[in-house]
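Reminder, nothing fancy here: chain letters follow the sequence lines and each chain counts from 1. Quantities reported herein were computed from a predicted structural model and do not represent experimental measurements.
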Number of protein chains: 4
Amino acid sequence: MARKQEQRSEETKHSILQAAGQLFRERGYDAVTMREIAKAAGCSHTTIYIYFKDKEALLHQLSMAPLQDLFAEMQACLQDPSLPVDEKLFSTSWSFLRFCLKNRSMYALFFMTKSSRVDEKEPAMELQKLRNEMFGLLKEAVIAALPAPLTEEQAWAFARVYFFTLHGIIGTYAETEEPYEQLIERVGPTFELALRVSLAGCKQIAQEGDGSK
Amino acid sequence: MARKQEQRSEETKHSILQAAGQLFRERGYDAVTMREIAKAAGCSHTTIYIYFKDKEALLHQLSMAPLQDLFAEMQACLQDPSLPVDEKLFSTSWSFLRFCLKNRSMYALFFMTKSSRVDEKEPAMELQKLRNEMFGLLKEAVIAALPAPLTEEQAWAFARVYFFTLHGIIGTYAETEEPYEQLIERVGPTFELALRVSLAGCKQIAQEGDGSK
Amino acid sequence: MARKQEQRSEETKHSILQAAGQLFRERGYDAVTMREIAKAAGCSHTTIYIYFKDKEALLHQLSMAPLQDLFAEMQACLQDPSLPVDEKLFSTSWSFLRFCLKNRSMYALFFMTKSSRVDEKEPAMELQKLRNEMFGLLKEAVIAALPAPLTEEQAWAFARVYFFTLHGIIGTYAETEEPYEQLIERVGPTFELALRVSLAGCKQIAQEGDGSK
Amino acid sequence: MARKQEQRSEETKHSILQAAGQLFRERGYDAVTMREIAKAAGCSHTTIYIYFKDKEALLHQLSMAPLQDLFAEMQACLQDPSLPVDEKLFSTSWSFLRFCLKNRSMYALFFMTKSSRVDEKEPAMELQKLRNEMFGLLKEAVIAALPAPLTEEQAWAFARVYFFTLHGIIGTYAETEEPYEQLIERVGPTFELALRVSLAGCKQIAQEGDGSK
DNA sequence: GATGAATGAGAATTCATTCAT
DNA sequence: GATGAATGAATTCTCATTCAT
């Protein structure tokens, strides 16, 4: 009996999340109003507040799970002993790119929010922590793929450089409304090239000598 | 008589632009209110509407001139016959980086606005045109710095790849409030490294053979 | 079968009343939401509407019984032939004070609601009637404690005067969150003093002659 | 030229204050909405925000001046050397009563707000300070009118007791909508009586011996 | 040319209450 | 009898913008 209601509730919640996700992605978090989300989800705006504390909670819900999945995916790849280091880097990079491009206009919210002040509320902290861990993962992958022994400083520098490429790719297409599949079909090879270029460049410069100056 | 008035009028307009520019740069377009601009410019908020149709027009006015200057600067550099190709690329890259990092919070508005729909109003078009021309400039610089003869497709690809790096650098620090000088002091060398890595990588991959597939 | 249900139903109703009572007392009628009451009562907020027409009805139900108890208590005290008149007055006063201070944040709702307009709904009338009767009781107690024969007008006047003291005591501490026991410990003697002062003053002025002008 | 506008502005501000004051008095601060105030003042609700930061500021503006006037009035009376002590007490009491009854439903806001936590915002502090000073004034007046030398504790006790009467008077009629004049005509003598009773009682008990236990 | 006054549209959020199950 | 789902009405407050002078 209750099943039906429960299911309906789940559907509503889902449609809210879906609507919010899509709208956030399409137009950005700030530009979207609760009423728009409600309309798109086919419910009253008050209903949203039944399922989510506030607009931010909606975003958080929408963010954390997928981000954690992404993190797990990247981690798993890096721990796979059967893959060569270059493959590991490219594979994790693609995981990251795929995720970010699929969640384009929320990308900024995930990765570009001002490093929250220490006293910030918990949810933001959680996100930031995850973000840092993810960057740490990429850094390790970059270091592993580079040959010579690097100073810590050099390691940071190359990691940043490699990250610039990823960040640049995503940022460039962050505002596009082109569907993910189509986008990948169109410029996927260029992304691939960018990753290869970045790694090749890092390797070369790293061998030439110092990597920070 | 009229002269004096005219001059004063010009001054007011100028102080509005100056104030708006500074505020936009400091806190971002959206976060700044017309009243704040007016207060900073030392005039009434209604006065702004005498000189500018609306907030967006103010932004546009504020954007075009600097962007055109930037464009001219990049163009001049590329046309300088005394510079080696690598230097040309790095130099224009730095012009671009410098400008974008100085105008951080407006960067998104300049370069990441959704490619305006066809029916969009004129001002946006104008901006987009300039943006495209600037990208064209960078593309030429990249191509010139690469050795082999490239197909048009390859040229585009490498240009994009190089641009990802620039975009990535800027995007990474777009939300920082760190003053420009300090930022450069802190991570300027990493930026330099990134440019060198990107070019080195492009060169290498370009030589290896095909650069798009 | 029916018995069991009936009993459970009664339990639910009771736990709602209990929860509402406590919350109203703790935080005031307005500040408490139906959902909070429901949560505290361990049922759904819709359930409340099965037993009570609306929030106001809940309050009314919650008020009448205790107020009637208070009334009975006061009445019993006054009818006790073994007590001296002063004691009767003080004792009923303390009953009243005790009740009001324990129900502080609802005090205003009980005794300070605008004298309901004639067309008001029934429940409010009922409450007001009780309130008036209670005031009548106090009036009788005051009169009994005063020596001389008083005109009706004088009686009213002294009763009011005495009531001002009671009202003042309660009102002064109506917004405090201090627990009742602690409050009494701290300022109970002052309350006692106030009652004595008021009575002594009334006696003296009553003897001096006229008590209304 | 500007005069006319300035005057109009002043009028608007005044009508807002007047409307707000009346509505607050009639129905209480919380129950009144900004839109109602605006409607009553004959302007848009946004206009209110031009003149007052927020609803609370409106209240504060509406409160402080009159309260300060009242305080000054009470102080002046107490410092008048030509008045006997009893007269001083009665006169200040009447000032207080008059003010509170005229501002009835705001009375609670002025005098019954929870003693604000220390970290509270400034305006509330200011009000509380004034409130305390006013109570201090009354306390001095009470002490001056009482004969014997009192311990500090006794002084406080009698002051509180006397204040209960004032508070009780006001509280009793706080919710009435009866116009001030009419109210005074009807029960003014009773108020007078209450003051006399309270003082007489205090004097008597104070003489009898200890006044705190 | 310049301005203070004034506004309408719209934002997030909360709450008592009703409906279908 | 009991409930979860859902809602409409309301609240404070903000902002770009337009008049009347």
How is A/Phe52 classified with respect to the nucleic acid when contacts are heavy atoms under 4.0 Å: base, sugar-phosphate, or nothing?
nothing
C/Ser44 side-chain N/O to F/dA2 phosphate OP1/OP2 under 4.0 Å:
no
Reading DNA chain F from 5' onward, which residue's closest nucleotide shows up sooner: C/Thr12 or A/Tyr51?
C/Thr12
For B/Arg104 and B/Thr176, work out which heavy atoms get closest and say how close.
NH1-O, 3.2 Å
Could you work out, with salt bridge (Lys or Arg N to Asp or Glu O under 4.0 Å) as the rule, every residue matching C/Glu26, not counting sequence neighbours?
none
Could you state the interatomic distance from CD (A/Gln22) to CZ (A/Arg27), rounded to the nearest 0.5 Å?
10.5 Å
With sequence neighbours excluded, what pairs up with A/Glu10 under the salt bridge (Lys or Arg N to Asp or Glu O under 4.0 Å) test?
none
Table please: side-chain donor-acceptor pairs of residues 13-21 of chain D below 3.5 Å, with sequence neighbours left out.
unit_1	atom_1	unit_2	atom_2	d
D/Ser15	OG	D/Glu11	O	3.4
D/Ser15	OG	D/Thr12	O	2.9
D/Ser15	OG	D/Ala41	O	3.4

Heavy atoms, side chains only, cut-off 4.5 Å: are C/Met64 and C/His60 in contact?
yes
I need the minimum non-hydrogen distance between A/Gln61 and A/Pro66, along with the two atoms involved.
O-CD, 4.4 Å
Rounded to whole Å, how long is the line connecting atom CD of D/Glu11 with atom P of E/dG4?
18 Å
Whole Å only: how far is the CG atom of C/Leu59 from the C1' atom of E/dA16?
15 Å
So that I can compare with my own list, what are the stems of DNA chain E, taken as at least three consecutive Watson-Crick or G-U pairs with distances under 3.5 Å?
E:2-21 with F:2-21
Measure the distance from CD on D/Gln7 to C1' on F/dT21 and round it to the nearest whole Å.
14 Å
Atom-pair distance (CD1 on B/Ile16; P on E/dG1), nearest Å:
12 Å
Base, backbone or nothing for each nucleotide of nucleotides 15-20 of chain F, written B, S, -, heavy atoms under 4.0 angstrom, 5' to 3'?
BBBBB-
Using atom NZ of C/Lys39 as one end and atom P of F/dG4 as the other, report the distance to the nearest whole Å.
12 Å
Has D/Ser9 got a side-chain N or O lying under 4.0 Å from the OP1 or OP2 atom of E/dG4?
no
Just the rounded figure in Å: distance from C1' of E/dG1 to CD of B/Glu10.
13 Å
Mind calculating the distance between CD1 (D/Ile50) and P (E/dA5) to the nearest angstrom?
7 Å
Could you list the residues that satisfy salt bridge (Lys or Arg N to Asp or Glu O under 4.0 Å) with D/Arg35, not counting sequence neighbours?
none
Rounded interatomic separation in angstrom, taking CD1 from B/Ile37 and P from E/dA2
17 Å
Output yes when a side-chain donor or acceptor of A/Tyr51 lies under 3.5 Å from a complementary backbone atom of A/Leu58, and no otherwise.
no
